[in-house]
Amino acid sequence: MTDSGTNRQLHLTAFMRPVSLHTGAWRYPGSYPDANFNFQHIVHFIHKLEAAKFDAFFMADHLAVLNMPVEALKRSHTVTSFEPFTLLSALSAVTQRIGLAATASTTYDAPYHVARRFASLDHLSNGRAAWNIVTTGNPETSRNFGLDEHMAHGDRYKRAREFYEVVTGLWDSFADDAFTRDVATGEYFDPAKLHVLDHVGDELKVRGPLNIARPPQGWPVIVQAGQSEPGRQLAAETAEVVFCNPKDIESAKALYADLTGRVERAGRSRDEVKILPAAMIIVGESKQDAQEKRLRLDSLVHYDSAIASLSIALGVDASGFDPDGPLPTDLPETNASQTLREGVERLAQREGLTIRQLAQRYGGYSGLAFLGSPGDIAEEMETWLREEASDGFTCVFPFLPQGLEEVTDRLIPELQRRDLFRREYTGSTLREHLGLSRPENRFFRETQ
């Protein structure tokens with residue numbers, strides 16, 4: 001299979017931390033209320049996803065409890081979740097092919113730690129790891145790491161770019177054939193095939209080398225999620241998968257064209273990057289049936305939680321705003337996610353929504369959604385693929401287990417029938433699933 005021309009197929013990853021982004025998911029009839037923090041449930045989910053031949057199981061991460069009032073927080077199923085590496089390491093032992101993607105912050109972590117963890121996960125999983133690079137938008141996080149102030153937006157991206165260079169440099173510490181393990185001579189590795197990074201930069205100082213052999217994939221797959229100007233540029237220069245949140249196909253096409261253009265201007269081939277927007281998928285017998293499921297799901301979001309979610313999206317406390325009035329136009333500047341805030345402002349203006357209506361939308365799930373029968377959704381996904389709005393999707397499930405199983409058991413067979421998605425894995429590593437090449441070792445190219 002190739003990703004070019006008329007033979008293009010979808011790439012599908014599963015957004016699984018939290019197991020559903022919808023605030024009402026845990027209350028939906030028949031759902032598992034503890035799905036986000038129950039290992040046996042999660043094993044069941046990943047087995048279903050692997051059987052359906054998904055590219056990867058993707059875990060986002062938060063380094064702080066959501067910054068919302070406790071009356072709202074007590075209604076959130078995201079208040080607890082497994083630490084990503086602990087969970088993915090455990091899941092690597094009960095899976096064979098599906099990719100394992102985790103978020104790690106470049107703002108509140110150290111490059112050496114990140115390099116070791118992802119190299120370890122790649123070895124444990126035989127080449128299925130991916131690193132989602134984030135700069136961390138939640139300003140409350142700083143207080144968990146001994147800081148009173150959150151790093152400014154531009155400074156976070158400057159650090160992230162250098163962080164990426166250090167981590168990938170550490171992964172290249174050893175040549176692929178450095179470990180001779182010659183019992184007769186007593187030589188365990190060839191010192192000529194060890195590189196000491198000795199990085200000294202504007203933000204970071206790391207000597208190296210990494211004390212782990214080069215990962216099976218060379219480097220774990222690089223995922224990047226920023227949509228701001230510096231986020232897009234970071235993606236163009238570093239990402240192999242872009243996780244993004246366009247609201248509709250037209251904005252997705254514009255983002256796709258912008259990102260692929262930046263990739264080429266950065267001296268890379270557009271085939272080196274897969275753009276996978278997040279999309280909640282609700283499968284029904286018909287569009288009306290799926291819409292009724294969505295309405296029932298939205299009705300389970302408590303207003304306290306809804307207004308708190310809106311506050312997070314805006315980066316300011318919205319609880320004092322007039323619930324039936326418009327969104328104020330004079331909101332103060334913050335260090336929270338600019339992309340998320342701008343999306344709220346555009347939505348409020350485009351649809352003329354009140355604060356109450358905005359809160360209800362953001363309290364549940366406000367992103368892209370595909371609703372309908374398997375045929376309806378497959379047709380819409382095919383349109384996105386053919387019109388270069390995406391290379392696939394990061395699937396968000398409305399509730400679990402039913403919402404996930406309706407995708408794996410009903411939508412995937414329809415996509416396969418249309419030759420839009422693989423029937424079997426053709427490789428064993430995540431890079432092979434995504435059609436990505438294995439990167440050369442920058443220090444030992446002659447050994448590749």
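- S251 and D248 share a donor-acceptor pair across their side chains, judged by distance under 3.5 Å alone.
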Run L259 and V273 through side-chain contact (heavy atoms from CB on, under 4.5 Å) and show every step you take. CA-CA 9 Å; L259 284 171; V273 181; over 6 Å; no

Does R410 form a salt bridge (charged side-chain N to carboxylate O under 4.0 Å, His left out) with E414? I'd like the steps, not just the answer. CA-CA 7 Å; R410 299 184 62 201; E414 178 63 19; over 6 Å; no

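- Remark: Y32 OH to N38 CG distance equals 9.0 Å, nearest 0.5 Å.
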Check the pair M16, I42 against side-chain contact (heavy atoms from CB on, under 4.5 Å), reporting the backbone distance first and the verdict last. CA-CA 9 Å; M16 296 301 296; I42 293 172; 5.9 Å; no

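- Using the six-membered ring where Trp is involved, F118 and F85 have ring planes that are perpendicular, over 60° apart on the 30 and 60° scheme.
- Between F243 and A278, the shortest heavy-atom contact is CE1-CB, 3.5 Å.
- Within the model, atoms CG of L340 and OG of S228 stand 12.0 Å from one another, a figure rounded to the nearest 0.5 Å.
- Taking the six-membered ring for Trp and the full ring otherwise, the centers of F397 and F15 sit at least 6.0 Å from each other.
- Annotation: the span from M59 atom CE to F82 atom CZ amounts to 8.5 Å, rounded to 0.5 Å.
- A donor-acceptor contact under 3.5 angstrom links the side chains of Q233 and E237, judged on distance only.
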List the steps, then state whether side-chain contact (heavy atoms from CB on, under 4.5 Å) holds for L87 with F39. CA-CA 8 Å; L87 177 61; F39 182 66; 3.7 Å; yes

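- The neighbour count for R116 CZ, taken as heavy atoms of other residues, nucleotides or ligands under 6.0 Å away, does not exceed 12.
- No hydrogens or angles considered: nothing links the side chains of T107 and T135 as a donor-acceptor pair under 3.5 Å.
- A search for side-chain hydrogen bond (donor to acceptor under 3.5 Å, both in side chains) contacts involving D322 returns nothing, not counting sequence neighbours.
- Expressed to the nearest 0.5 Å, how far SG of C244 lies from CG of L255 amounts to 5.0 Å.
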Pair D55-H11, side chain to side chain donor-acceptor pair (under 3.5 Å): steps then yes or no: CA-CA 6 Å; D55 289 79; H11 292 288; 3.1 Å; yes

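- Side-chain contact check for R17 and T103: no donor-acceptor pair (N or O, by modelled atom type) lies under 3.5 Å.
- If you take OG1 on T13 and NE2 on H433, they are separated by 12.0 Å, rounding to the nearest 0.5 Å.
- With no hydrogens or angles considered, a side-chain donor-acceptor pair links Q288 and E292 at under 3.5 Å.
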Take R341 and E345 through the salt bridge (charged side-chain N to carboxylate O under 4.0 Å, His left out) test and state the conclusion after the steps. CA-CA 6 Å; R341 177 168 169 162; E345 293 171 337; 3.6 Å; yes

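- One finds a salt bridge joining D298 and R294 here, because a Lys/Arg side-chain nitrogen approaches an Asp/Glu carboxylate oxygen to under 4.0 Å.
- Remark: E203 does not engage R156 in a salt bridge, criterion side-chain N to carboxylate O under 4.0 Å.
- The environment of CD in Q349 is sparse: at most 12 heavy-atom neighbours from other residues, nucleotides or ligands sit within 6.0 Å.
- Between E83 and R117 no salt bridge is recorded (no basic side-chain N to carboxylate O distance below 4.0 Å).
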For the pair L297 and H22, evaluate side-chain contact (heavy atoms from CB on, under 4.5 Å) and give the outcome as yes or no after the intermediate values. CA-CA 8 Å; L297 180 61; H22 199 290; 3.4 Å; yes

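- Interatomic distance, D61 CG to S81 OG, rounded to the nearest 0.5 Å: 7.5 Å.
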Test salt bridge (charged side-chain N to carboxylate O under 4.0 Å, His left out) on K293 and E285; report intermediate values, then the result. CA-CA 11 Å; K293 290 182 181 181; E285 297 303 321; over 6 Å; no

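- Few gaps surround NZ on K287; more than 12 heavy atoms of other groups in view lie less than 6.0 Å from it.
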If you apply the rule salt bridge (charged side-chain N to carboxylate O under 4.0 Å, His left out), what do you find for K48 with E405, and how did you get there? CA-CA 7 Å; K48 293 290 292 186; E405 291 173 351; 5.2 Å; no

